[in-house]
Amino acid sequence: MAKRYWLMKSEPDVYSIDRLEQDGSTSWEGVRNYQARNFMMEMKKGDRVLFYHSNAEPPGVAGVAEVVREAYPDTAAFDPGSDYHDPASTPEKPRWFMVDVGFVERFPAVLPLPELKADAALEGMELLRKGSRLSVQPVSKAHFDHVLKLARRRR
DNA sequence: GCCAACGTTGGC
DNA sequence: GCCAACGTTGGC
């Protein structure tokens with residue numbers, strides 16, 4: 001199956017592209033939205049991910065990651081001490097899943113949201129839809145490639 | 001800090 | 001199944 005493209009949001013105060021660069025890879029725990037979870041379950045090793053900084057100054061795409069491990073149960077849901085604890089999810093019957101993503105690239109500067117909004121070539125991107133809050137979302141190859149092009153142009 | 005948009009919960 | 005109340009996301 002052909003490689004697919006995604007966008008994943010993270011608040012840099014919680015986990016930034018710099019942390020991912022240091023860590024090399026990380027498990028994407030804490031997704032508690034069914035639509036986002038379902039997208040993660042579709043992810044295949046090698047799929048590319050736009051790493052988006054939300055609740056940031058500025059909000060925008062900070063770099064690129066790749067899927068290095070396909071969906072498996074989110075163990076944070078089992079941990080009563082975790083912010084992501086969900087008693088409805090058990091090891092026997094897990095409700096929430098996560099993937100592992102690996103660092104690919106950090107953009108020299110965050111590609112800010114207003115710039116994405118202003119670009120006609122990105123029309124129709126889920127990220128840009130009014131009221132969109134989906135933290136894991138598919139991105140078309142054309143949009144993905146265009147975002148990379150914009151990021152390179154900023155050098 | 002505000003608030004629009006959205007998802008979830010639970011009474012009925 | 002409807003929908004009001006509530007909690008969360010995330011830009012501004």
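Given the structure is predicted, the values throughout are model-derived calculations rather than measurements.
Salt-bridge check for A:Glu105 with A:Arg152: passed, with a basic side-chain N closer than 4.0 Å to an acidic carboxylate O. A salt bridge links A:Arg48 with A:Glu66: the distance from a Lys NZ or Arg NE/NH1/NH2 to an Asp or Glu carboxylate oxygen falls below 4.0 Å.
If you check residues 118-130 of chain A against DNA chain B, the residues with a heavy atom closer than 4.0 Å are A:Arg129, A:Lys130, listed by number.
Cation-pi geometry between A:Arg106 and A:Phe103 is not met at under 6.0 angstrom from the ring centre and within 45 degrees of the axis.
For A:Trp6 and A:Tyr52, the distance between ring centers is not under 6.0 angstrom. The six-membered or imidazole ring of A:Trp28 lies near that of A:Phe51, with a centre-to-centre distance under 6.0 Å.
For the 3.5 Å distance criterion, the side chains of A:Glu126 and A:Ser132 qualify, holding a donor opposite an acceptor. With 3.5 Å as the limit, one finds no donor-acceptor pair spanning the side chains of A:Asp79 and A:Tyr84.
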Next on the checklist: For a quick check, with a 4.0 angstrom heavy-atom cut-off, what is the B/S/- contact string for nucleotides 1-9 of chain C, read 5' to 3'?
Outcome noted: ------BBB
